Every structure is written in C-alpha cells, then in structure tokens.
Number of protein chains: 2
Amino acid sequence: MARTDPGEQSRRRRERILDAAFHAFSTRGYRDTAVDDIAGAAETSKGGVYFHFPTKDAIFRELMSTTADKLVAKVERAVALETEPVARAEAALKAVLGTFAGHRTMARLLFLDTVGAGRVFQQETNNLHDRFSRLIQGYLDDAVTAAAIPPLDTRITSIAWFGALNELVARWLLADQPGPLEDAYPALRAVLLRSAGVPETRIGAVPDPAAGSLFPEQPR
Amino acid sequence: MARTDPGEQSRRRRERILDAAFHAFSTRGYRDTAVDDIAGAAETSKGGVYFHFPTKDAIFRELMSTTADKLVAKVERAVALETEPVARAEAALKAVLGTFAGHRTMARLLFLDTVGAGRVFQQETNNLHDRFSRLIQGYLDDAVTAAAIPPLDTRITSIAWFGALNELVARWLLADQPGPLEDAYPALRAVLLRSAGVPETRIGAVPDPAAGSLFPEQPR
DNA sequence: ACGAACCGACCGACCGGTCAGTCGGTTCGC
DNA sequence: GCGAACCGACTGACCGGTCGGTCGGTTCGT
C-alpha cells in the first residue's frame with residue numbers, strides 16, 4: 001500500500017473543485033460562473049474538471065444537496081438535545097440562524113444562488129424548500145400532538161415559517177452592511193412562536209430588541 | 001387629422017412588445033428569453049424591438065416597475081376602504097392573494113422570474129421586496145399606534161409577513177396542480193394576525209380549513 | 001396637384017463575444 | 001509501459017446589440 005491510497009489524490013482534487021465551485025457559485029451565481037473559472041480557482045484545467053464531473057449542472061446539484069444535508073443534520077442534532085416541543089423549535093431556529101451567520105456563503109448558495117440558475121433548477125429549489133418546510137411541519141405536528149400549541153394548519157404555518165426565515169436571511173445577505181444575523185433572533189422567535197399560537201407567557205421576553213440594529217435605517 | 005393620430009400605431013406596437021416580453025419572461029425567465037423570441041411573439045423583428053427599447057434590461061425593468069405599481073395601487077385602494085387597523089391588514093392580504101390568483105403570470109414575474117436574471121437584478125428584486133415589506137410595516141406601525149396590537153419589532157415582523165406571503169405564492173406557482181390560491185387565505189390570515197399579536201378573540205374563525213386542499217398530498 | 005425631400009417605423013443579416021462540452025495528446029504514479 | 005489523471009486548444013451554438021437599408025406616409029415647394 002502506498003502512503004496515499006490509490007485515488008486519494010484524485011479524491012482530493014475532486015474536493016478542491018467542489019470547494020472552488022461552491023465559492024464561485026455563491027459569490028457570482030451559477031450562470032455567471034464559467035467552468036474555466038472553477039478550473040482556475042481549483043488550480044486545474046477545464047479538462048480536469050470534466051474528468052471528475054459530467055456536466056456543470058452535476059457540480060451544482062451535488063453542492064446543493066450536500067450543503068442541504070449538512071444543514072439538516074445540524075438542525076436535527078440541535079433539536080435532538082431538547083424534548084419540549086417549543087424548545088425544539090427554538091433550537092432549530094437558532095441552529096439555522098447560527099449556521100448562516102457563520103457561513104454567509106452557504107446561505108447564498110442555498111437561498112439566493114439557486115435562483116440565478118435556470119428552468120431546471122427551479123425544481124431543485126422547489127425540492128429544497130419543500131424539504132425544509134416539511135421538516136418544520138414535522139416539529140409543528142409534534143407540538144400540536146403534545147398540546148403545546150393549539151391545533152392549526154401546520155402545512156400553511158410551516159410554509160409561512162420557512163418563508164419568513166428565508167426572507168430574513170435573504171435581506172441580511174443583500175443588505176449593504178448587515179449587522180449580526182443573530183440580532184434578529186429574539187424578534188423572529190417571538191413572531192414565529194406567536195404565529196403558531198404559543199401562549200404569550202411561554203414567549204415572555206421583551207418586545208424591544210434595541211430597535212433594529214440588523215437593518216439600520218438608511219436615508220434614501 | 002388622420003383617423004389614427006400619428007404615433008398611435010407606434011404606441012400600440014410598443015405595448016405589444018411589452019406584452020410579449022411579459023409573457024416570455026414570466027414563463028421562460030429572463031435569461032432563457034431571447035430578444036428574438038420577444039420580437040417573434042410581438043410579430044415584429046429584433047430591430048423593431050430595439051427601436052422601442054434601448055436594451056433587453058430596459059424592457060424587464062419597465063415591466064417590473066409597472067407591474068409592481070399596479071399591485072401596490074390595488075392594495076392601497078383595498079386598504080383605503082377600511083379604517084380599523086386589523087381590517088386593513090386583512091384587506092391588503094386579500095387583495096394580494098386575489099390578484100395573484102387571477103394573474104398567475106404577474107406573480108411569476110414579480111416573485112420567481114425576478115430571480116432568474118443576473119447580478120444586476122438582485123438589486124431590483126431587493127428594491128421590490130423592500131418596497132412591499134415597508135408597505136406592510138407602515139400598516140403594522142399604524143396598528144401599534146392605534147393599540148390594536150401590542151408594540152413589537154415591526155421591521156422584522158413585516159419582513160416575516162412578506163416572506164411568508166412570498167413563499168406561499170411561490171409554492172402555489174410551482175405546485176404541479178395547485179388548488180385555488182384563495183383557499184389558503186383563512187389559514188394564512190390566522191397565522192399572520194397571530195404573529196402580530198392580534199388577540200385570539202379578534203381572529204376567531206375555525207382552525208380547520210378543509211385540510212389543505214391547496215397542496216394536496218402527492219405520493220413520492 | 002404633383003413630385004421631391006424627408007421621416008418614423010421597421011427589417012434582418014451580421015458582428016463580437018461567451019461558454020459548455022470535446023478530444024487528441026501529455027504526464028505521472030506504480 | 002500502462003492506465004488514470006490531467007491539459008488546453010478547439011468546436012459549435014447561442015445571443016445581445018448594431019447598422020445599412022426599405023417602405024409607407026406626410027410635408028413642402030412650385
């Protein structure tokens with residue numbers, strides 16, 4: 001056996017291409033990223049890229065799904081630490097915001113870039129959104145079962161939750177000089193919990209979160 | 001005087017191009033629509049298109065802004081008919097859902113297509129979202145002032161509202177065989193009003209809306 | 001009343017550039 | 001010396017924007 005097992009070098013190169021593509025896609029978007037750009041950033045050539053991947057799409061798809069996997073795993077790990085339904089929801093929310101706050105690029109890829117692609121990818125995006133909103137729906141259903149919240153339309157509510165989260169992250173990504181994403185947590189938490197009918201006493205907390213430092217007012 | 005005043009013909013042609021572009025952009029997306037496609041659909045030529053518009057961008061921008069104008073105007077008209085803050089919010093929500101329900105293409109252009117464009121348009125989208133969420137924020141602020149809802153972070157809440165609405169419409173647009181969009185109104189209304197702290201008594205209404213006909217469960 | 005001059009609207013061939021994907025050839029590890 | 005890994009010139013398709021030119025109508029000079 002060699003010091004580096006066969007294909008190890010190759011695997012590493014493949015990873016470098018993936019990393020380069022991730023960075024390129026999440027900063028310039030899918031369509032504005034040329035395969036040559038990826039090759040250059042990965043210090044290889046176009047031919048090298050096409051040795052490891054059949055098409056440009058394939059690279060994108062792989063990135064999307066593995067990135068989503070990582071995020072879902074992170075959320076599930078955080079949720080598993082709690083038992084009480086509302087606390088689980090809070091943990092999930094915190095995990096997502098925390099992850100995005102630390103990895104802006106990940107957020108870009110999952111929530112903005114997706115969109116810069118074409119017809120084909122709308123399906124991909126759709127699946128991603130569906131996946132997340134069903135994850136949320138599951139937690140909401142549990143909460144209803146546990147009588148932590150009143151019975152409600154968990155489908156619509158989960159879509160609303162995901163949409164709210166998505167929009168918040170998107171605005172943070174596009175803001176000129178965004179504050180820390182976590183600053184939005186208390187307010188978002190309150191909004192979402194209230195929307196699901198969590199009793200006001202359980203929400204508690206102050207309504208005023210130092211008045212919107214996340215999106216500082218900017219004069220027109 | 002001629003029967004048709006001069007320029008009238010020209011104006012009509014310009015309108016045809018705009019219509020064709022609207023349809024093309026909202027079905028195939030910005031990048032997948034060639035100027036030749038627009039010209040063809042408008043029964044003119046590429047040169048004809050470029051006589052009326054300086055660039056492809058310009059067509060898109062004009063469509064975006066006039067479409068948004070129409071929607072905002074419709075909302076404001078609906079809102080003006082009510083005086084009580086919560087009723088105003090309900091009217092706005094109903095107006096938006098109703099409009100989209102009747103004009104899927106409009107929804108596509110404003111909420112999905114936007115996104116199929118490039119770097120430049122992200123700014124455009126950003127402005128659009130900002131415009132709508134500030135519209136919402138205004139109503140929320142009024143409601144707080146009128147003490148119809150407790151004081152809360154209206155910025156975050158308005159973003160959440162817009163995001164929820166946006167996501168719901170997007171899912172409806174992308175669903176294989178969507179039910180009527182209005183079916184989601186009761187549930188969405190309840191979720192949003194609750195999220196803003198509207199008292200449960202004011203929301204009233206049944207929690208069960210014939211169990212999600214909007215997104216019928218489909219087997220994998 | 002009539003042709004010359006003019007003009008706005010429109011046409012479509014063409015240019016310049018981009019880019020995904022291909023392929024014949026080279027290098028390197030074993 | 002053999003095959004996996006890699007290189008980069010090249011192909012073919014696409015597309016936004018340009019431009020010389022056409023044509024039906026209106027105006028003007030006489």
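Computed from a prediction, not measured in an experiment: that's the story for all the values here. Computed over heavy atoms, backbone and side chain alike; hydrogens, waters and symmetry mates excluded. Residue numbers start from 1 in every chain, and the chains themselves are labelled A, B, ... in the order their sequence lines are given, proteins ahead of strands.
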[X] [atom1] to [N] [atom2]: how many Å, rounded?
X: Phe60(A); N: dA20(C); atom1: CZ; atom2: C1'; result: 16 Å
X: Tyr50(A); N: dG24(C); atom1: OH; atom2: C1'; result: 18 Å
X: Asp32(B); N: dA20(C); atom1: CG; atom2: P; result: 14 Å
X: Phe53(B); N: dA9(C); atom1: CZ; atom2: C1'; result: 14 Å
X: Arg16(B); N: dA9(C); atom1: CZ; atom2: P; result: 16 Å
X: Lys56(A); N: dC19(C); atom1: NZ; atom2: P; result: 8 Å

Please check if the side chain of Arg28(A) supplies one atom and the backbone of Thr33(A) the other of a donor-acceptor pair under 3.5 Å. no

Side chains of [X] and [Y]: donor-acceptor distance under 3.5 Å anywhere?
X: Arg134(A); Y: Ser158(A); result: no
X: Arg16(A); Y: Thr44(A); result: no
X: Ser195(A); Y: Trp161(A); result: yes

Residues which pass salt bridge (Lys or Arg N to Asp or Glu O under 4.0 Å) with Arg104(B), listed by chain and number, not counting sequence neighbours: none

Which nucleotides of nucleotides 6-13 of chain D have their base under 4.0 Å from a protein heavy atom (B), which only their sugar-phosphate (S), and which neither (-), written as one string 5' to 3'? SBB-----

In short, Ile156(B) meets Ala184(A) closest at the heavy-atom pair CD1-CB, 3.9 Å

